[in-house]
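Values reported hereafter were calculated over all heavy atoms of this structure, with side chains retained and with hydrogens, waters and symmetry mates removed. Naming convention: chains lettered A, B, ... in sequence-line order (proteins, then strands); numbering from 1 in each chain. Given the structure is predicted, the values throughout are model-derived calculations rather than measurements.
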Amino acid sequence: MARYTVTSALPYANGPVHIGHLAGVYVPADIYVRYLRKKGHDVLFIGGSDEHGVPITIKARQEGVQPQDIVDKYHGLIKESFKRLGISFDIYSRTTSKTHREMASKIFRTLYDKGAFIEKDSEQYYDREAKQFLADRYITGTCPHCGNENAYGDQCEKCGTSLNATDLINPRSTLSGSAPELRATKHWYLPLDQYEPFLREWILEEHKEWKTNVYGQCKSWLDTGLQPRAVTRDLDWGIPVPVEGAEGKVLYVWFDAPIGYISNTKELCPDTWEKYWKDPDTKLIHFIGKDNIVFHCIIFPAILKAEGSFILPENVPANEFLNLENEKISTSRNWAVWLHEYLDEFPGKEDVLRYVLTANAPETKDNNFTWKDFQDRNNNELVAIYGNFVNRAVVLTHKYFGGKVPVPGTLLPEDLELTGELAVLKSNIESSIENYRFREALKETMNIARMGNKYLTDTEPWKIYKENPERVATVLNLCLQIAANMKVLSEPFLPFSSEKLASILNAPLIAWDDAGKADLLPAGHVLGKPELLFEKIEDEAIEFQLRKLADTKIANEKINYIPAPQKSSIQYEDFSRMDIRIGTILEAVKVPKTGKLMKMTVDTGLDKRTIVSGIAEYFTPEELPGKQVCVLANLEPRVIKGITSQGMILLAEDSDGKLIFVSPENIVRNGSSVS
RNA sequence: GGCGAGGUAGCUCAGUUGGUUAGAGCGCAUGAUUCAUAAUCAUGAGGUCCGGGGUUCAAUUCCCCGCCUCGCUACCA
C-alpha cells in the first residue's frame, strides 16, 4: 500500500466551473483517485477554491459588492456542482479559510526567516485615481538620457536604456493619464534563479517521463533563465504579508494558491497532514491545465524546496484545452457548458458527461466537445455497448433461470479464452490509469462489454436453450461474471452507473484486486430488479443545447458587456487641444517581427505621414488602403520598433476585443477637423 | 516576434527507436442475427500520415524552411 496526495488545480472563484475545467483537471483526477482508493492505497484528494487576486476585486467593484461576496457565491456553487458530479474530493475548502491564512503566513514567514527572499525597497508610483500602485509598464514619461518624452517605465525605446520608473521625468499613468505620486513600498522576491540548478537536475534529469508538453515548457523556462519573482503585492484583498512594516501588502495570489493544497490537507487531517506532505514515501501528484505548468513545476517546487521540509511532486499531468463546438471556451463570452446547468438539464446523466469528457479528453492536444458527439457517444457506446450487454445478460438470466446465477458446466476453450482476456483487459486498464492515459483506460474498459456482446452473439444461448440448457447456464454465468467485472472496473470512470449495476446484480462493489476473475458471483445468487443502465438521448435535447448556445452567445455578448467606468472630468480646453482629422490610408505593411503592429502611410490632408498601430491581428495590409479614418494628428511622435509613428488612428474596441475603425459616414475631404 | 506543444481516415485519437499491405473507436456501406433500449456480430470502402526541400538503398517517422491551431511570453501611441 502506497500513500498518495493528489491535488487538482484550485478553480478561481470568480465564475462557475465548465466542461473545460472538468475534462482537463477534475474528471481525470477523480478517476485516478477512485482507482487508487479501489486498490486500497492511502490517498487524499485535495481541492478548493482560489479566492484571492486582482480579478476578484475587479469583479466585486463592477458588481458593487465586496470581494467576499463574490467568492462566497462561486465557492458554494462550485463545491456543490463538483459534489453532484461525483468528484470525490476528500476536502474541498478555500483559500480564505483560517487554516489557509495561517499556513500561507507560516510558510512565508519561514522563508523570510531563512533569508530566502530578496527584499527590495523602492519608491513606486501610485495612481490616486485608479487607487493602485503602477507596474513599470503602466507608466510613461521623459527619458533622462535622451529626452524622449514617451519612454516606458522600464525602458526607453529611443535610446535603448533600461530605466526605473522613478528615473522618468514627468511620469504619467497610462491607466488614468494622471500624474502618479511616488510612494515608498517594499516587496519580497523569490530568487528563482538560485533554484535553477536544482530545478534543472530535478526536472530535466529525474523526470524525463513527464508528459512532453510539461517537460518541454519547463525546459524552455529553464533554458531562458529564471528571474527573481515578486511574491507580494500592494493590494487590499489577500493574505497579509506577515512581516513588520508590510501593512497594506498581501501575498501574491500565485504564492498563496498552491499552498492551499497544503492548508486544505491540514484542515482535513489536523494531526496527520504532515505525512501527506513531508514523508518521502508519499507520492504527490498535481492535476492541472496547461496554462498552469510553470507555477506547479517551477515556482511552487521552488517554494517547497526553499521551505525545506516538504516533498516535491512525483508528476504533474497537465492536460491541454477543450474547445466547444469548434470555438475556444470563454467565460467572458459565455461560450461554455456550465457544470451546474448541465446537472440541472440532464438529471441522472452525470456519468454520461464523465464518459464523454474522458473518452474525448485533451490529453495530448486540444480537443473539441460537440453536442452531437456527446449524443453519439451516449447512444452508440454507453447505451448500445455497455448498457445493452448488461441488459442482455440479465434479461436472459431472468428468462431462463428465474433471475438466479446459473451453475456453470465444463468450460470450453472459448470460455477460457474469455476469462483469460478479462484478466488481460484489467491489467491494461491498470497500466493505462497509472500512466495517466485515461482515454485509453476507458476504451479498454468498454472492450470488456464489447467482448461480452461478441461472446453472446457467438454462443447464441437463445437458440440452444431447448436442446442444451447446461451450456446456456455456463454462458450466462460467464456473462454475469463479465457484468460484475464491469461494475468494478468501470467504477473510477462511471461511479453512478456502477452503483446502479451493483443494484441490478444485487451484489456489492468490491475491491479492485478482487476483479479480473470469473467467480465474482456465486451460483444461485439472486439478481436484483432489471433496469436500464443508460437511456438514449433524443435529438430534441441536443437541439435545445445547440439553440441555447447560439442564443446565449448573442444575448450575453450584449448583456454581459460592462463598459469601462467613465474617466474623470476634463475641461473643454483639454479636448480642444486634440487635433483630430479625417485621413485616408494610402498603404499598409505589417511591421516585421511583431505580432500586431501595422505600419501605414496616411494622407491627413496636412501631409502624408507614417503611423504605426497595433491592428495587424484584425486587418490585412491589402484591405486597408483607401479607408478613411480619424487621426489624432498632433500627438507627439513616438518610436515603435524603430519606426517613428506620427499620430494615432482612432479605433473602437468591441466587447470581444475586436477593433473597428471610427470612420466618417460619407467620404469627407482629407484634413477635415473632427470636433 | 521568441519559446513550448500539436497538425495521421468524415469525426475523436493511437502509432512508427526509418523498412514489405499506416491502426482503433464512432460514422458510412453490405451481410448475418433477433436474447437485447432498431440494440448486437461479421465484412468492407475511406488516408500524397499539413506543404516544400534535404539526408538515406528506404521518411509519415530524422534534419532544414514554410503554413495552421493552442499555451507561455514580448509587443500593442
I'd like to know if the side chain of A/E363 and the backbone of A/R439 have a donor-acceptor N/O pair within less than 3.5 Å. yes
Keeping the roles fixed (side chain from A/N378, backbone from A/E535), state whether a donor-acceptor pair exists under 3.5 Å.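 It does hold such a pair.
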Could you tell me which nucleotide pairs with [N] by Watson-Crick or G-U wobble geometry, both distances under 3.5 Å, or answer none if nothing does?
{"N": "B/G6", "result": "B/C68"}
{"N": "B/G1", "result": "B/U73"}
{"N": "B/U40", "result": "B/A32"}
{"N": "B/C49", "result": "none"}
{"N": "B/A14", "result": "none"}
{"N": "B/G19", "result": "B/C57"}

Which residues pass the side chain to side chain donor-acceptor pair (under 3.5 Å) test with A/T604, not counting sequence neighbours? A/D607
If the condition is side chain to side chain donor-acceptor pair (under 3.5 Å), which residues does A/N453 pass it with, not counting sequence neighbours? A/R392
Protein-nucleotide distance ([X], atom [atom1]; [N], atom [atom2]), rounded to Å:
{"X": "A/F321", "N": "B/G7", "atom1": "CZ", "atom2": "P", "value": "18 Å"}
{"X": "A/L324", "N": "B/U12", "atom1": "CG", "atom2": "P", "value": "14 Å"}
{"X": "A/F295", "N": "B/G71", "atom1": "CZ", "atom2": "P", "value": "15 Å"}
{"X": "A/E327", "N": "B/C70", "atom1": "CD", "atom2": "P", "value": "11 Å"}
{"X": "A/K365", "N": "B/C50", "atom1": "NZ", "atom2": "P", "value": "10 Å"}
{"X": "A/N323", "N": "B/G6", "atom1": "CG", "atom2": "P", "value": "17 Å"}
{"X": "A/L322", "N": "B/C70", "atom1": "CG", "atom2": "C1'", "value": "12 Å"}
{"X": "A/Y465", "N": "B/U34", "atom1": "OH", "atom2": "P", "value": "18 Å"}

With a 4.5 Å heavy-atom cut-off, do A/V629 and A/L650 have their side chains touching? no
Indicate whether any N or O donor in one side chain lies under 3.5 Å from an N or O acceptor in the other, for A/D539 and A/Q375.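 Note: A/D539 and A/Q375 side chains meet the donor-acceptor criterion.
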Checking all strands, does [X] fall into the base, sugar-phosphate, or nothing category for heavy-atom contacts under 4.0 angstrom?
{"X": "A/V294", "value": "nothing"}
{"X": "A/K372", "value": "nothing"}
{"X": "A/T364", "value": "sugar-phosphate"}
{"X": "A/K219", "value": "nothing"}
{"X": "A/Y215", "value": "nothing"}
{"X": "A/N388", "value": "base"}
{"X": "A/T212", "value": "sugar-phosphate"}
{"X": "A/L533", "value": "base"}

Nearest heavy-atom contact between A/F346 and A/A541 is CE2-CB, 4.2 Å
Can you name the nearest heavy-atom pair linking A/C218 to A/C297, along with the distance? SG-CB, 3.3 Å
Only counting residues at least two apart or in another chain, list the ones meeting salt bridge (Lys or Arg N to Asp or Glu O under 4.0 Å) with [X].
{"X": "A/E531", "result": "none"}
{"X": "A/K463", "result": "A/E460"}
{"X": "A/K219", "result": "A/D223"}
{"X": "A/E421", "result": "none"}

If I pick the [atom1] atom on [M] and the same atom on [N], what distance separates them, to the nearest angstrom?
{"N": "B/G51", "M": "B/C68", "atom1": "C1'", "result": "11 Å"}
{"N": "B/C65", "M": "B/C3", "atom1": "P", "result": "10 Å"}
{"N": "B/U48", "M": "B/A9", "atom1": "P", "result": "8 Å"}
{"N": "B/A39", "M": "B/G27", "atom1": "P", "result": "9 Å"}
{"N": "B/A59", "M": "B/G25", "atom1": "C1'", "result": "28 Å"}
{"N": "B/G23", "M": "B/C49", "atom1": "P", "result": "14 Å"}
{"N": "B/G54", "M": "B/U61", "atom1": "C1'", "result": "15 Å"}

State which of B/G71, B/U37, B/C35 makes the closest approach to the side chain of A/L396.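 The nucleotide sitting nearest to the side chain is B/C35.
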Listed nucleotide nearest any side-chain atom of A/R437, set B/G15, B/U12, B/U40: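 Looking only at side-chain atoms, A/R437 lies closest to B/G15.
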Every protein N/O within reach of nucleotides 43-47 of chain B N/O, cut-off under 3.5 Å:
none

Tell me, yes or no, whether the heavy-atom count around A/K208 atom NZ, taken from other residues, nucleotides or ligands under 6.0 Å, exceeds 12.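 Enclosed: over 12 neighbouring heavy atoms sit under 6.0 Å from NZ of A/K208.
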Would you say that more than 12 heavy atoms from the other residues, nucleotides or ligands in this model lie under 6.0 Å from the CD of A/E417, or not?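 For A/E417, atom CD is not crowded (no more than 12 foreign heavy atoms under 6.0 Å).
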Please list residues of residues 349-358 of chain A whose heavy atoms come under 4.0 Å from any atom in RNA chain B, ordered by number; otherwise none. none
Strictly below 4.0 Å, heavy-atom distances to any atom of RNA chain B: list the hits from residues 454-463 of chain A, or just say none.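 Contacting residues: A/K454, A/T457, A/W462, A/K463.
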Is it true that the NZ or CZ of A/K290 lies under 6.0 Å from the centre of A/F321's six-membered ring and within 45 degrees of the ring axis? yes
Pairwise N/O distances under 3.5 Å, protein to nucleotides 23-27 of chain B:
residue : atom : partner : partner atom : Å
B/A24   : O2'  : A/K443  : NZ           : 3.3
B/G25   : O3'  : A/R450  : NH2          : 3.1
B/G25   : O2'  : A/R450  : NH2          : 3.4
B/C26   : O3'  : A/N380  : ND2          : 3.4
B/G27   : OP1  : A/N380  : OD1          : 3.3
B/G27   : OP1  : A/N380  : ND2          : 3.1

Name all residues meeting the side-chain contact (heavy atoms from CB on, under 4.5 Å) criterion together with A/A336; count only those two or more places apart in sequence or in a different chain, and write none if there are none. A/H18, A/I329, A/W338
Not counting sequence neighbours, which residues clear ring-ring contact (aromatic ring centres under 6.0 Å, His included) with A/F438? List them please. none
Pairwise 5' ranking along RNA chain B for A/S645 and A/M451, keeping only the more 5' one: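 Comparing both residues, the 5'-ward one is A/M451.
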Give a yes/no answer on whether the side chain of A/R392 brings an N or O atom under 4.0 Å of OP1 or OP2 in B/A39.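 A/R392 to B/A39 OP1/OP2: no side-chain N or O under 4.0 Å.
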May I ask you to evaluate whether A/K536 reaches the phosphate of B/A39, defined as a side-chain N or O under 4.0 Å from OP1 or OP2? yes
Base orientation of B/G23, syn vs anti, 90° cut from 0: anti
